[in-house]
Amino acid sequence: MKVLITGGAGFIGSHLAEKLLEQGHHVFAVDNLSTGKLENIVHLRGNPEFEFFAGTIMDEILMAEMISQCETIFHLAAAVGVRLIIDKPVDTIETNIMGSEIVLKLANRRKRKVIITSTSEVYGKNEQVPFKESDDSVYGPTVKSRWSYACSKAIDEFLALAYYREKKLPVVIVRLFNTIGARQTGEYGMVVPTFVKQALMGHPLTVFGDGSQSRCFTNVRDVVRAMVSLAENPEAVGQVYNIGSSEVITINDLACRVKELCGSKSEIQYIPYDKAFEAGFEDMYQRVPDLLKIHDAIGYKPMISLDQSIQEIIEYYKR
Ligand code: UDP
(Lines give C-alpha, C1' and ligand atoms only; values in the text may rest on other atoms or scores of the structure.)
Protein backbone atom coordinates (compact mmCIF):
# COMPACT_ATOMS: atom_id res chain seq x y z
CA MET A 1 0.00 0.00 0.00
CA LYS A 2 1.12 3.59 -0.62
CA VAL A 3 1.06 5.79 2.46
CA LEU A 4 1.83 9.43 3.13
CA ILE A 5 3.40 10.67 6.36
CA THR A 6 3.20 14.42 7.00
CA GLY A 7 6.03 15.37 9.32
CA GLY A 8 7.91 12.36 7.94
CA ALA A 9 11.36 13.68 8.91
CA GLY A 10 10.32 14.33 12.49
CA PHE A 11 11.11 12.20 15.50
CA ILE A 12 7.90 10.12 15.44
CA GLY A 13 7.42 10.40 11.65
CA SER A 14 10.82 8.87 10.94
CA HIS A 15 10.13 5.88 13.20
CA LEU A 16 6.72 5.45 11.59
CA ALA A 17 8.34 5.49 8.13
CA GLU A 18 10.73 2.71 9.25
CA LYS A 19 7.84 0.61 10.57
CA LEU A 20 5.74 1.02 7.41
CA LEU A 21 8.71 0.23 5.13
CA GLU A 22 9.43 -2.88 7.23
CA GLN A 23 5.86 -3.98 6.56
CA GLY A 24 6.34 -3.65 2.80
CA HIS A 25 4.53 -0.34 2.21
CA HIS A 26 5.62 2.43 -0.14
CA VAL A 27 6.16 5.56 1.93
CA PHE A 28 5.88 9.19 0.82
CA ALA A 29 7.12 11.60 3.47
CA VAL A 30 6.63 15.36 3.47
CA ASP A 31 8.32 17.69 5.95
CA ASN A 32 9.18 21.39 5.97
CA LEU A 33 12.25 20.62 8.11
CA SER A 34 11.28 23.24 10.70
CA THR A 35 11.60 20.82 13.61
CA GLY A 36 12.14 17.68 11.47
CA LYS A 37 15.67 16.89 10.32
CA LEU A 38 17.17 15.21 7.26
CA GLU A 39 19.49 13.26 9.54
CA ASN A 40 16.41 11.48 10.98
CA ILE A 41 15.75 9.86 7.60
CA VAL A 42 19.24 9.64 6.14
CA HIS A 43 19.24 5.84 6.60
CA LEU A 44 15.99 5.57 4.56
CA ARG A 45 16.98 7.75 1.60
CA GLY A 46 18.52 4.88 -0.43
CA ASN A 47 15.37 2.76 -0.11
CA PRO A 48 13.41 2.84 -3.42
CA GLU A 49 10.18 2.46 -1.45
CA PHE A 50 10.84 5.72 0.41
CA GLU A 51 10.23 9.11 -1.23
CA PHE A 52 10.92 12.33 0.62
CA PHE A 53 9.55 15.76 -0.30
CA ALA A 54 10.85 18.88 1.41
CA GLY A 55 7.74 21.05 1.53
CA THR A 56 4.96 22.33 3.70
CA ILE A 57 1.51 20.90 4.31
CA MET A 58 0.24 24.44 3.60
CA ASP A 59 1.23 23.89 -0.06
CA GLU A 60 -2.10 22.66 -1.42
CA ILE A 61 -0.71 21.78 -4.86
CA LEU A 62 2.01 19.54 -3.44
CA MET A 63 -0.38 17.99 -0.94
CA ALA A 64 -3.11 17.33 -3.54
CA GLU A 65 -0.55 15.56 -5.74
CA MET A 66 0.76 13.39 -2.90
CA ILE A 67 -2.68 12.58 -1.49
CA SER A 68 -3.86 11.52 -4.96
CA GLN A 69 -1.15 8.84 -4.96
CA CYS A 70 -1.70 7.42 -1.45
CA GLU A 71 -4.34 5.29 0.18
CA THR A 72 -3.67 6.26 3.79
CA ILE A 73 -2.33 9.49 5.34
CA PHE A 74 -0.65 9.63 8.72
CA HIS A 75 -0.90 13.31 9.64
CA LEU A 76 1.91 14.12 12.08
CA ALA A 77 3.12 17.52 10.87
CA ALA A 78 2.49 19.98 13.70
CA ALA A 79 4.13 22.46 16.01
CA VAL A 80 5.17 20.46 19.08
CA GLY A 81 6.89 21.01 22.39
CA VAL A 82 5.94 23.38 25.20
CA ARG A 83 9.00 25.61 24.57
CA LEU A 84 8.02 26.14 20.91
CA ILE A 85 4.41 26.83 21.82
CA ILE A 86 5.37 29.55 24.30
CA ASP A 87 7.95 31.09 21.94
CA LYS A 88 5.97 30.87 18.67
CA PRO A 89 2.25 30.90 19.45
CA VAL A 90 1.16 32.21 16.02
CA ASP A 91 3.00 29.46 14.17
CA THR A 92 1.63 26.85 16.55
CA ILE A 93 -1.98 27.83 16.07
CA GLU A 94 -1.71 28.36 12.30
CA THR A 95 0.26 25.21 11.54
CA ASN A 96 -1.90 23.00 13.69
CA ILE A 97 -5.28 24.30 12.60
CA MET A 98 -4.74 25.35 8.96
CA GLY A 99 -2.42 22.41 8.22
CA SER A 100 -4.99 19.89 9.40
CA GLU A 101 -7.77 21.73 7.54
CA ILE A 102 -5.81 21.34 4.28
CA VAL A 103 -4.99 17.67 4.87
CA LEU A 104 -8.60 16.78 5.75
CA LYS A 105 -10.11 18.82 2.90
CA LEU A 106 -7.83 17.22 0.28
CA ALA A 107 -8.15 13.72 1.75
CA ASN A 108 -11.92 14.11 1.62
CA ARG A 109 -11.84 14.82 -2.13
CA ARG A 110 -10.42 11.35 -2.67
CA LYS A 111 -11.85 9.73 0.48
CA ARG A 112 -8.42 8.69 1.77
CA LYS A 113 -8.12 7.36 5.30
CA VAL A 114 -6.49 9.88 7.67
CA ILE A 115 -4.82 9.06 10.98
CA ILE A 116 -4.81 12.30 12.99
CA THR A 117 -2.06 12.53 15.59
CA SER A 118 -3.39 14.34 18.60
CA THR A 119 -2.05 14.64 22.12
CA SER A 120 -2.78 13.98 25.79
CA GLU A 121 -2.64 17.79 26.12
CA VAL A 122 -6.26 17.84 24.90
CA TYR A 123 -7.32 16.65 28.37
CA GLY A 124 -5.81 19.89 29.71
CA LYS A 125 -5.63 20.25 33.46
CA ASN A 126 -8.35 17.73 34.20
CA GLU A 127 -7.10 16.13 37.42
CA GLN A 128 -9.09 12.95 37.21
CA VAL A 129 -6.64 10.23 36.16
CA PRO A 130 -6.41 7.95 34.28
CA PHE A 131 -7.73 9.89 31.28
CA LYS A 132 -10.42 8.07 29.32
CA GLU A 133 -11.05 9.11 25.72
CA SER A 134 -14.55 10.27 26.70
CA ASP A 135 -13.33 12.46 29.59
CA ASP A 136 -13.73 16.25 29.65
CA SER A 137 -11.08 18.68 28.44
CA VAL A 138 -10.30 21.36 31.05
CA TYR A 139 -8.29 24.36 29.83
CA GLY A 140 -6.91 27.50 31.43
CA PRO A 141 -7.63 31.03 30.18
CA THR A 142 -6.65 32.25 26.70
CA VAL A 143 -4.08 34.67 28.17
CA LYS A 144 -1.96 31.61 29.06
CA SER A 145 -0.57 30.62 25.69
CA ARG A 146 0.24 27.05 26.70
CA TRP A 147 -3.43 26.17 26.26
CA SER A 148 -3.40 27.25 22.61
CA TYR A 149 -1.66 23.98 21.75
CA ALA A 150 -4.34 21.86 23.45
CA CYS A 151 -7.10 23.94 21.86
CA SER A 152 -5.54 23.76 18.39
CA LYS A 153 -5.29 19.97 18.65
CA ALA A 154 -8.85 19.74 19.99
CA ILE A 155 -10.03 21.72 16.93
CA ASP A 156 -8.20 19.20 14.71
CA GLU A 157 -10.07 16.41 16.46
CA PHE A 158 -13.43 18.19 16.11
CA LEU A 159 -12.79 18.81 12.42
CA ALA A 160 -11.71 15.22 11.73
CA LEU A 161 -14.77 13.84 13.52
CA ALA A 162 -16.96 16.33 11.65
CA TYR A 163 -15.58 15.07 8.30
CA TYR A 164 -16.25 11.53 9.44
CA ARG A 165 -19.85 12.20 10.51
CA GLU A 166 -20.89 14.58 7.78
CA LYS A 167 -18.86 13.41 4.79
CA LYS A 168 -18.04 9.78 5.70
CA LEU A 169 -14.30 10.44 5.54
CA PRO A 170 -12.52 7.54 7.30
CA VAL A 171 -10.49 9.08 10.15
CA VAL A 172 -8.81 7.66 13.25
CA ILE A 173 -7.60 9.96 16.05
CA VAL A 174 -4.74 9.00 18.34
CA ARG A 175 -3.79 10.89 21.49
CA LEU A 176 -0.13 10.35 22.28
CA PHE A 177 1.18 10.48 25.87
CA ASN A 178 4.79 11.74 26.16
CA THR A 179 6.46 9.78 23.38
CA ILE A 180 10.23 9.29 23.80
CA GLY A 181 13.08 7.57 22.00
CA ALA A 182 16.12 8.03 19.81
CA ARG A 183 16.09 11.14 17.56
CA GLN A 184 13.89 13.20 19.89
CA THR A 185 15.46 16.54 20.52
CA GLY A 186 15.32 18.49 23.77
CA GLU A 187 15.36 21.78 21.84
CA TYR A 188 11.61 22.29 22.17
CA GLY A 189 11.37 21.50 25.87
CA MET A 190 10.96 17.72 26.02
CA VAL A 191 12.21 16.56 29.36
CA VAL A 192 13.82 13.15 28.73
CA PRO A 193 16.28 14.13 25.97
CA THR A 194 17.00 17.34 27.92
CA PHE A 195 17.89 15.39 31.08
CA VAL A 196 19.96 12.82 29.16
CA LYS A 197 21.99 15.54 27.45
CA GLN A 198 22.48 17.42 30.71
CA ALA A 199 23.54 14.25 32.57
CA LEU A 200 25.99 13.17 29.87
CA MET A 201 27.59 16.62 29.79
CA GLY A 202 27.81 16.85 33.59
CA HIS A 203 25.49 19.88 33.61
CA PRO A 204 22.75 20.30 36.25
CA LEU A 205 19.45 18.55 35.47
CA THR A 206 16.82 21.30 35.31
CA VAL A 207 13.67 20.22 37.15
CA PHE A 208 10.81 22.69 36.68
CA GLY A 209 8.60 23.38 39.70
CA ASP A 210 9.13 21.04 42.64
CA GLY A 211 9.40 17.92 40.45
CA SER A 212 6.38 16.21 42.02
CA GLN A 213 4.47 16.37 38.71
CA SER A 214 4.33 13.01 36.94
CA ARG A 215 4.13 11.61 33.43
CA CYS A 216 3.90 8.22 31.65
CA PHE A 217 6.63 8.10 28.98
CA THR A 218 6.00 5.85 25.99
CA ASN A 219 8.63 4.42 23.66
CA VAL A 220 8.19 5.62 20.08
CA ARG A 221 8.31 2.03 18.78
CA ASP A 222 5.29 1.13 20.93
CA VAL A 223 3.57 4.25 19.59
CA VAL A 224 4.14 3.58 15.88
CA ARG A 225 3.20 -0.10 16.24
CA ALA A 226 -0.13 1.00 17.73
CA MET A 227 -0.70 3.65 15.05
CA VAL A 228 -0.17 1.16 12.23
CA SER A 229 -2.47 -1.46 13.83
CA LEU A 230 -5.22 1.11 14.32
CA ALA A 231 -4.87 2.27 10.72
CA GLU A 232 -5.43 -1.32 9.60
CA ASN A 233 -8.48 -1.87 11.82
CA PRO A 234 -11.80 -0.92 10.14
CA GLU A 235 -13.48 -0.69 13.55
CA ALA A 236 -11.14 2.11 14.59
CA VAL A 237 -12.64 4.48 12.00
CA GLY A 238 -14.40 7.45 13.60
CA GLN A 239 -12.82 6.67 16.99
CA VAL A 240 -10.35 8.35 19.36
CA TYR A 241 -7.65 6.29 21.11
CA ASN A 242 -5.09 6.99 23.81
CA ILE A 243 -1.63 5.59 23.07
CA GLY A 244 0.66 5.56 26.07
CA SER A 245 2.26 3.64 28.86
CA SER A 246 1.03 2.88 32.36
CA GLU A 247 4.43 3.39 34.04
CA VAL A 248 3.98 6.59 36.09
CA ILE A 249 7.07 8.52 37.21
CA THR A 250 7.54 11.90 38.88
CA ILE A 251 9.97 14.31 37.21
CA ASN A 252 12.13 14.14 40.37
CA ASP A 253 12.40 10.35 40.07
CA LEU A 254 13.02 10.68 36.35
CA ALA A 255 15.98 12.97 37.02
CA CYS A 256 17.42 10.40 39.45
CA ARG A 257 16.87 7.48 36.98
CA VAL A 258 18.55 9.39 34.15
CA LYS A 259 21.52 10.29 36.38
CA GLU A 260 21.91 6.70 37.51
CA LEU A 261 21.66 5.20 34.00
CA CYS A 262 24.14 7.77 32.67
CA GLY A 263 26.50 7.22 35.61
CA SER A 264 26.39 11.01 36.01
CA LYS A 265 27.33 13.15 39.01
CA SER A 266 25.26 16.12 37.78
CA GLU A 267 23.33 18.07 40.37
CA ILE A 268 19.58 18.54 40.25
CA GLN A 269 18.59 22.18 39.93
CA TYR A 270 15.04 23.35 40.67
CA ILE A 271 13.72 26.13 38.43
CA PRO A 272 10.38 27.84 39.15
CA TYR A 273 7.88 27.60 36.28
CA ASP A 274 7.77 31.39 35.96
CA LYS A 275 11.48 31.40 35.13
CA ALA A 276 11.42 28.28 32.95
CA PHE A 277 8.49 29.46 30.81
CA GLU A 278 6.44 32.59 31.45
CA ALA A 279 4.74 34.29 34.38
CA GLY A 280 1.70 32.31 35.52
CA PHE A 281 2.67 29.19 33.54
CA GLU A 282 0.35 26.28 34.35
CA ASP A 283 1.72 22.74 34.14
CA MET A 284 -0.33 19.56 34.12
CA TYR A 285 0.25 17.84 37.45
CA GLN A 286 -0.28 14.32 36.24
CA ARG A 287 -1.15 12.62 33.02
CA VAL A 288 -1.99 8.93 32.87
CA PRO A 289 -3.72 7.21 29.93
CA ASP A 290 -6.57 4.76 30.32
CA LEU A 291 -5.54 2.05 27.84
CA LEU A 292 -8.66 -0.12 27.94
CA LYS A 293 -10.11 1.12 24.65
CA ILE A 294 -6.97 0.56 22.60
CA HIS A 295 -6.39 -2.79 24.26
CA ASP A 296 -9.90 -3.89 23.27
CA ALA A 297 -9.39 -2.67 19.69
CA ILE A 298 -5.94 -4.06 18.84
CA GLY A 299 -4.69 -5.85 21.99
CA TYR A 300 -2.22 -3.00 22.61
CA LYS A 301 0.06 -3.14 25.62
CA PRO A 302 3.24 -1.09 25.96
CA MET A 303 6.20 -3.47 25.59
CA ILE A 304 9.24 -1.26 26.21
CA SER A 305 10.12 -0.13 29.74
CA LEU A 306 11.12 3.42 30.67
CA ASP A 307 14.63 2.24 31.60
CA GLN A 308 15.09 0.65 28.19
CA SER A 309 13.86 3.82 26.49
CA ILE A 310 16.26 5.97 28.52
CA GLN A 311 19.11 3.59 27.58
CA GLU A 312 18.22 3.97 23.89
CA ILE A 313 18.29 7.76 24.21
CA ILE A 314 21.62 7.64 26.03
CA GLU A 315 23.10 5.48 23.24
CA TYR A 316 21.68 7.85 20.62
CA TYR A 317 23.27 10.89 22.24
CA LYS A 318 26.57 9.10 22.80
CA ARG A 319 26.68 8.25 19.08
N1 UDP B 1 10.37 19.55 32.56
C2 UDP B 1 11.40 19.74 33.49
N3 UDP B 1 12.62 20.11 33.02
C4 UDP B 1 12.89 20.30 31.68
C5 UDP B 1 11.83 20.10 30.76
C6 UDP B 1 10.59 19.74 31.24
O7 UDP B 1 11.20 19.57 34.70
O8 UDP B 1 14.04 20.64 31.35
C9 UDP B 1 9.04 19.11 33.08
C10 UDP B 1 7.85 19.88 32.51
O11 UDP B 1 7.60 21.04 33.27
C12 UDP B 1 6.73 18.83 32.65
C13 UDP B 1 7.46 17.51 32.42
O14 UDP B 1 8.85 17.77 32.65
O15 UDP B 1 6.20 18.84 33.94
C16 UDP B 1 7.28 16.95 31.02
O17 UDP B 1 7.66 17.95 30.10
P18 UDP B 1 7.66 17.73 28.52
O19 UDP B 1 7.86 19.09 27.92
O20 UDP B 1 8.62 16.67 28.16
O21 UDP B 1 6.22 17.19 28.20
P22 UDP B 1 4.75 17.73 28.59
O23 UDP B 1 4.16 16.61 29.37
O24 UDP B 1 4.85 18.98 29.37
O25 UDP B 1 4.10 17.93 27.27
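Just the heavy atoms: all of them, side chains too, but no hydrogens, waters or symmetry mates, feed the values below. Note that ligands are numbered from 1 as they come in the structure, with each ligand's atoms numbered from 1 the same way.
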[X] heavy atoms, cut-off 4.0 Å: which ligand 1 atoms fall inside?
X: Tyr273; value: 11 (O)
X: Gly189; value: 5 (C), 6 (C), 19 (O)
X: Gln213; value: 9 (C), 11 (O), 15 (O)
X: Thr194; value: 8 (O)
X: Val207; value: 7 (O)

Out of curiosity, Ile310 CD1 to Ile180 CD1, how far, rounded to the nearest 0.5 Å?
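If we round to the nearest 0.5 Å, Ile310:CD1 and Ile180:CD1 are 6.0 Å apart.
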Write out the residue and atom name of the closest protein heavy atom to [atom], then the distance separating them to 0.1 Å.
atom: atom 8 (O) of ligand 1; value: Thr206 OG1, 3.1 Å
atom: atom 20 (O) of ligand 1; value: Val191 N, 2.8 Å
atom: atom 11 (O) of ligand 1; value: Asp283 OD2, 3.3 Å
atom: atom 13 (C) of ligand 1; value: Ile251 CD1, 3.6 Å
atom: atom 7 (O) of ligand 1; value: Phe208 N, 2.8 Å

Of all the heavy atoms in Arg146, does at least one lie under 4.0 Å from an atom in ligand 1?
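Yes.
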Can Arg287 be said to touch ligand 1, with heavy atoms closer than 4.0 Å?
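It does; at least one heavy atom falls under 4.0 Å.
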Could you check if a side-chain atom of [X] sits within less than 4.5 angstrom of a side-chain atom of [Y], using non-hydrogen atoms only?
X: Tyr241; Y: Ile298; value: no
X: Met284; Y: Arg215; value: yes
X: Val240; Y: Glu157; value: yes
X: Ser14; Y: Arg183; value: yes

Once you restrict to heavy atoms under 4.0 Å, what part of [X] touches ligand 1? Side chain, backbone, both or neither.
X: Arg215; value: side chain
X: Asn178; value: side chain
X: Met284; value: neither

Geometric cation-pi criterion Arg175 and Tyr123, 6.0 Å radius, 45° cone:
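Relative to the ring axis of Tyr123, which defines the angle, Arg175 lies inside both limits.
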For the pair His15 and Phe11, name the ring-plane relationship: parallel under 30°, tilted 30 to 60°, perpendicular over 60°.
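Ring orientation, 0 to 90° scale: perpendicular.
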Look at the rings of Phe131 and Phe177 and say which category their plane angle falls in: under 30° parallel, 30 to 60° tilted, over 60° perpendicular.
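Plane angle between 30° and 60°, so tilted.
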Indicate whether any N or O donor in one side chain lies under 3.5 Å from an N or O acceptor in the other, for Ser305 and Asp307.
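Result is no, nothing qualifies.
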Do the side-chain N and O atoms of Asn252 and Thr250 include a donor-acceptor pair separated by under 3.5 angstrom?
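On atom types as modelled, these side chains do not qualify, holding no pair under 3.5 Å.
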